[in-house]
Number of protein chains: 2
Amino acid sequence: MESAFSTLAEPNRRAILSLLAQSERSVSEIEQRLRMPQPSVSKHLRVLRDAGFVEARVDAQRRVYRIRTEPLMEVEAWLAPFRRLWSGHVDALERHLDRMDAPTRKKGKKK
Amino acid sequence: MESAFSTLAEPNRRAILSLLAQSERSVSEIEQRLRMPQPSVSKHLRVLRDAGFVEARVDAQRRVYRIRTEPLMEVEAWLAPFRRLWSGHVDALERHLDRMDAPTRKKGKKK
DNA sequence: ACTGTATATACCACAAACGGTATATGTCTG
DNA sequence: CAGACATATACCGTTTGTGGTATATACAGT
């Protein structure tokens, strides 16, 4: 897994990060909240950790994961030069999202 | 290719977008500037177009591609909730840190 | 219509990612 | 020490993405 972007390409990993954005969580907490099998959670956390997106704290048998911001700031930095292209009409995003699939917004968009 | 993020996972595609951020370009211009084979450029442009990142204008035999901002704004929107984790705004973490070493910190924000 | 140019697509081979299952490692409790 | 619990990893099969090459489509100029 080369870059921050390819790490974020996976929907489950983005979900994990969004969850961890609220507060740190143990593996089993993530497993329950996101309803995904434990090996899958561990594997995605491994990828996220290798890419620097999360770090783990050991608490007895648990590993509590929390976000590291550096890779996210990388993404932010890559995005920065494009921001001038839309700074001015901010509501274009809302129109776009509304057009996509309003009823089933929680998962990724379909093709 | 499901999401905006998986589209951005490819380095060549990010390079194309960065190039198009400066100005619109024809396929052959992209091919020359990025030194990648023409079929590769066309294929990546196809993916970018399907994901809404670019659109093409026809100019005789040329297709001139330019950026569309909506998917980039999607990324920006996904990133937004994380920004508080590193921004200079006053949130709980920041107040906590301020309490720990108040004397050396200035109160203004960075920008 | 023929030729050169610009761009798109079809096909193939290969590598890598993902989900699922089983198993290994490690830690706590009794 | 056993046995339960928490997490990680190994293995496997399938899918998907990517680069390369060849070819198809479209337009321009003569």
Side-chain angles (χ1 to χ4, degrees), chain A residues 1-20 23-68 71 107-111, chain B residues 1-20 23-68 71 75:
Chain A
M1 195 79 43
E2 336 143 354
S3 76
F5 284 97
S6 41
T7 305
L8 293 180
E10 228 289 324
N12 295 311
R13 285 199 285 270
R14 292 200 301 278
I16 291 176
L17 285 179
S18 294
L19 185 61
L20 293 181
S23 81
E24 52 178 32
R25 309 267 185 194
S26 72
V27 176
S28 52
E29 283 172 337
I30 299 171
E31 178 191 345
Q32 290 175 342
R33 295 241 179 187
L34 301 186
R35 293 188 176 160
M36 48 190 305
Q38 177 267 316
S40 187
V41 173
S42 280
K43 279 190 283 189
H44 285 307
L45 283 172
R46 177 84 150 101
V47 176
L48 287 168
R49 181 153 34 96
D50 288 349
F53 280 94
V54 301
E55 61 188 353
R57 170 172 58 91
V58 180
D59 171 40
Q61 324 110 340
R62 312 212 168 147
R63 309 282 170 104
V64 180
Y65 282 83
R66 63 168 167 273
I67 288 209
R68 290 187 69 253
K107 292 197 75 171
K109 67 173 180 186
K110 295 213 69 170
K111 74 174 189 180
Chain B
M1 195 76 45
E2 335 140 354
S3 77
F5 284 97
S6 41
T7 305
L8 293 180
E10 227 290 323
N12 295 311
R13 285 198 286 269
R14 292 200 301 277
I16 291 176
L17 285 180
S18 294
L19 185 60
L20 293 182
S23 81
E24 51 177 34
R25 309 270 186 192
S26 71
V27 176
S28 53
E29 283 173 336
I30 299 171
E31 177 191 346
Q32 290 176 343
R33 295 239 178 189
L34 301 185
R35 292 185 179 160
M36 47 191 305
Q38 177 268 317
S40 187
V41 174
S42 280
K43 278 189 285 190
H44 284 307
L45 283 172
R46 177 83 150 103
V47 176
L48 287 168
R49 183 153 34 94
D50 288 350
F53 280 95
V54 301
E55 60 188 355
R57 168 172 60 92
V58 180
D59 171 40
Q61 325 107 340
R62 312 210 167 150
R63 309 283 170 104
V64 180
Y65 282 84
R66 64 168 166 272
I67 288 209
R68 291 186 68 253
V75 174

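Values below: every heavy atom of this structure, side chains too, minus hydrogens, waters and symmetry copies. Per chain, numbering begins at 1; letters A, B, ... match sequence-line order.
- Atom-to-atom distance recorded for Ile16(B):CD1 and Phe53(B):CZ is 12.0 Å, nearest 0.5 angstrom.
- For the pair Arg46(B) and dT9(C), the criterion of a side-chain N or O lying under 4.0 Å from OP1 or OP2 is met.
- At the heavy-atom level, Pro39(B) lies under 4.0 Å from base atoms of the strands shown.
- A donor-acceptor contact under 3.5 Å links the side chain of Gln38(A) to the base of dA8(D).
- Of the two residues near DNA chain C, Arg49(B) and Val58(A), the one whose nearest nucleotide lies more 5' is Arg49(B).
- A donor-acceptor contact under 3.5 angstrom links the side chains of Ser42(B) and Gln38(B), judged on distance only.
- Residue Arg13(B) has a polar side-chain atom (N or O) positioned under 4.0 Å from OP1 or OP2 of dT18(D).
- Nearest nucleotide to the Ser26(B) side chain, out of dG19(C), dG20(C), dT7(C): dT7(C).
- Residue Ser28(B) places at least one side-chain N or O under 4.0 Å from the OP1 or OP2 atom of dT7(C).
- Here the P atom of nucleotide dG17(D) and the CG atom of Leu45(B) are 17 Å apart, to the nearest Å.
- Rounded to whole Å, atom C1' of dG3(D) lies 13 Å from atom CD of Gln61(A).
- Of the possible polar contacts, none joining the Arg13(B) side chain to the Leu48(B) backbone as a donor-acceptor pair under 3.5 Å is found.
- Put simply, CD on Glu24(B) and CD on Glu55(B) are 9.5 Å apart, with the number rounded to the nearest 0.5 Å.
- Between the CD atom of Glu29(B) and the P atom of dT7(C) there is a distance of 8 Å, rounded to whole Å.
- Between the CZ atom of Arg63(A) and the P atom of dC5(D) there is a distance of 19 Å, given to the nearest Å.
- Atom NE2 of His44(A) and atom P of dC18(C) are 6 Å apart (whole Å).
- For the pair Asp59(B) CG and dT5(C) P, the interatomic distance rounds to 17 Å; values are reported in whole Å.
- Residue contacts for Ser42(B): at a heavy-atom cut-off of 4.0 Å it reaches a base atom on one of the strands shown.
- Here the C1' atom of nucleotide dC5(D) and the CZ atom of Arg62(A) are 9 Å apart, to the nearest Å.
- Proximity note for Ala60(A) (side chain, C-beta onward) versus dC28(C), dG20(C), dA8(D): the nearest is dC28(C).
- For a distance-only test at 3.5 Å, the side chain of Lys43(B) qualifies as a donor-acceptor partner of the base of dG20(D).
- Without hydrogens or angle criteria, Arg66(B) side chain to Ser23(B) main chain gives no donor-acceptor distance under 3.5 Å.
- For Tyr65(A), a side-chain nitrogen or oxygen approaches OP1 or OP2 of dA8(D) to under 4.0 Å.
- Between the side chain of Glu10(A) and the base of dA17(C), no donor-acceptor pair under 3.5 Å is found.
- Atom CD1 in Ile30(A) sits roughly 11 Å away from atom C1' in dT7(D) (whole-Å rounding).
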